[in-house]
Amino acid sequence: MVKKTVGYVRLEWTCPRCGSKNPGPQKTCSSCGAAQPEDVKFEQPAQEKLVTDEEEIKRAKAGPDMHCPYCDARNPAGAETCTQCGGDLTDATARAAGQVLGAHRDKAAKDVPCPSCGAMNAATALKCSQCGASMAQPKPKPKPRVSKPAKGPSCGPVAYVAGAAAVALIALFIFLVTRTSDVIGIVESASWTRTIAIEALGPATHEDWRDQIPTDAVVGTCTEKVHHTQDEPAAGAKEVCGTPYTEDTGSGYGEVVQDCQYQVYADWCTFTVQEWQKTDEVTLSGADPNPRWPALQLSADQREGTHDEAYQIVFDTDGDTYTYQTSDSTEFSQYAIGSRWVLKVNKLNQLTSIEPAR
Ligand SMILES: [Zn+2]
Ligand SMILES: [Zn+2]
Ligand SMILES: [Zn+2]
């Protein structure tokens, strides 16, 4: 993130002695003359206007004001002696700076009533235009906290019964699937299917960033897309900034800033390359114990692709048949027609495993 300065605005402070609102740059109260103490913070006005005066901007940038170690009066950054008591400011403490005060208030604020006489005044007014009283609003009293009693999870009898029923159903399902009984089965038939894919070189279209495209590819259409977002500015990158907000500079002015990031664009393109692709397949099948691969007649621009094999064995039991499928040719060779096996059958009548009959 890059923090960018939008500009500077005048803040406010409220005199703790007489309650008057004062412009931030003013170091003593305009009503009672008291100096702003170190613990009285700057606040955002109801509406913030960017300062245009060069001298004011210079003062806003000068750094946080300092408080005199003898009389606590506010003095500008860099001052050597106190404007109020003349004391040496070598050991003066600078005001805190950099605190985020809130979102930049650039919208026009609604008029507010004077807390003394009720007359409507501009939200930014420091004093009532009618009675001259301070427009500082009385601080709202902190509301007593009402803590709600914590509620435990509701666990009524209905939920309990529903939960118990679900558990019972799961237990029943596990029982039906895992509990098996032994059945003697005789191999009735055994069949096999073997398939070889035939591949040929052909054009295939893909998409990628331009710098990722293979050198032998034919590039199609390209569009600019956001490749990534980064914190540092870069040539051609699009700046994306967040909502402006105001930070206390400690000088009575606020710095309006924005956090920005940079979207870097790159070409996203379609491209075509020559790739081996499945164009055909040859299948051979049989019902004998000797599975074979189909013979291939390949032309010069073709090659052999993936090999697939599937075997199916049908067991006959007393009155039932069970079909078993595998892709393992060694296992298939064991199931000679007429051989006897112990079939494990679960309560859902599914064949789960096969063992040799003893
Ligand atoms: Zn005052
Ligand atoms: Zn002083
Ligand atoms: Zn008033």
Side-chain angles (χ1 to χ4, degrees), residues 8-49 51 53 55-99 101-102 105-143 246-255:
Y8 295 89
V9 293
R10 253 174 251 146
L11 299 175
E12 300 175 348
W13 61 277
T14 305
C15 175
R17 201 208 269 177
C18 73
S20 294
K21 260 198 202 182
N22 291 284
Q26 196 172 300
K27 295 174 175 53
T28 52
C29 177
S30 51
S31 288
C32 72
Q36 181 190 357
E38 194 182 343
D39 60 355
V40 170
K41 297 198 164 45
F42 291 114
E43 291 160 1
Q44 285 179 281
Q47 187 183 348
E48 297 176 329
K49 276 202 185 120
V51 169
D53 183 74
E55 276 305 307
E56 274 197 282
I57 292 171
K58 212 182 272 177
R59 267 181 274 152
K61 286 179 173 174
D65 285 356
M66 303 178 297
H67 283 273
C68 171
Y70 308 103
C71 73
D72 201 30
R74 241 178 89 196
N75 285 272
E80 289 174 359
T81 53
C82 178
T83 49
Q84 182 139 310
C85 72
D88 181 9
L89 291 177
T90 313
D91 296 327
T93 47
R95 285 190 69 90
Q99 310 93 298
L101 297 177
R105 298 176 177 172
D106 56 348
K107 306 271 183 308
K110 275 188 195 155
D111 286 0
V112 286
C114 166
S116 300
C117 74
M120 294 307 281
N121 283 266
T124 50
L126 300 176
K127 277 190 175 131
C128 175
S129 58
Q130 193 77 22
C131 72
S134 168
M135 284 298 292
Q137 301 293 323
K139 290 260 184 300
K141 280 183 192 161
K143 279 183 193 165
T246 304
E247 282 185 354
D248 190 352
T249 65
S251 66
Y253 294 93
E255 183 178 0

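Any value given below was found using the heavy atoms of this structure, including those in side chains, with hydrogens, waters and symmetry copies removed. Whatever order the structure lists ligands and atoms in, that order sets their numbers, starting from 1.
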Under a plain distance cut-off of 3.5 Å, with no hydrogens placed, do E56 and Y8 share a side-chain donor-acceptor pair?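 Their side chains do not contain a donor-acceptor pair, so the 3.5 Å distance test is not met.
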Looking from the Zn ion (ligand 2), what is the angle between SG on C85 and SG on C71, to the nearest 10°?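 Centred on the Zn ion (ligand 2), the SG/SG angle is 120° (to 10°).
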Given atoms SG of C82 and SG of C68, what angle do they subtend at the Zn ion (ligand 2), to the nearest 10 degrees? 110°
Answer yes or no: is there a side-chain heavy-atom contact under 4.5 Å between R74 and H67? yes
Contact check, side chains of T28 and Q84, non-hydrogen atoms, under 4.5 Å: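 Yes, at least one pair of side-chain atoms sits under 4.5 Å.
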Can you tell me how far CG of D65 sits from OG1 of T249, rounded to the nearest 0.5 angstrom? 8.0 Å
If we ignore hydrogens and angles and just use 3.5 Å, is the side chain of T246 paired with the main-chain N or O of L101 as donor and acceptor?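 No.
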Sub-3.5 Å donor-acceptor pair from the side chain of N75 to the main-chain atoms of T83, do we have one? yes
Rounded to 10°, how many degrees is the angle SG/C32-the Zn ion (ligand 1)-SG/C15? 110°
To the nearest 10 degrees, calculate the angle at the Zn ion (ligand 1) involving SG of C29 and SG of C18.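 For SG of C29 and SG of C18, the angle centred on the Zn ion (ligand 1) reads 100°.
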Under 6.0 Å from the CD atom of Q99, do we count more than 12 heavy atoms belonging to anything else shown? yes
Taking 2.8 Å as the limit, list every protein N, O or S atom around the Zn ion (ligand 3), by chain and residue number. C114 SG, C117 SG, C128 SG, C131 SG
Considering non-hydrogen atoms only, spot the tightest contact between R10 and Y253 and give its length. CG-CE2, 3.7 Å
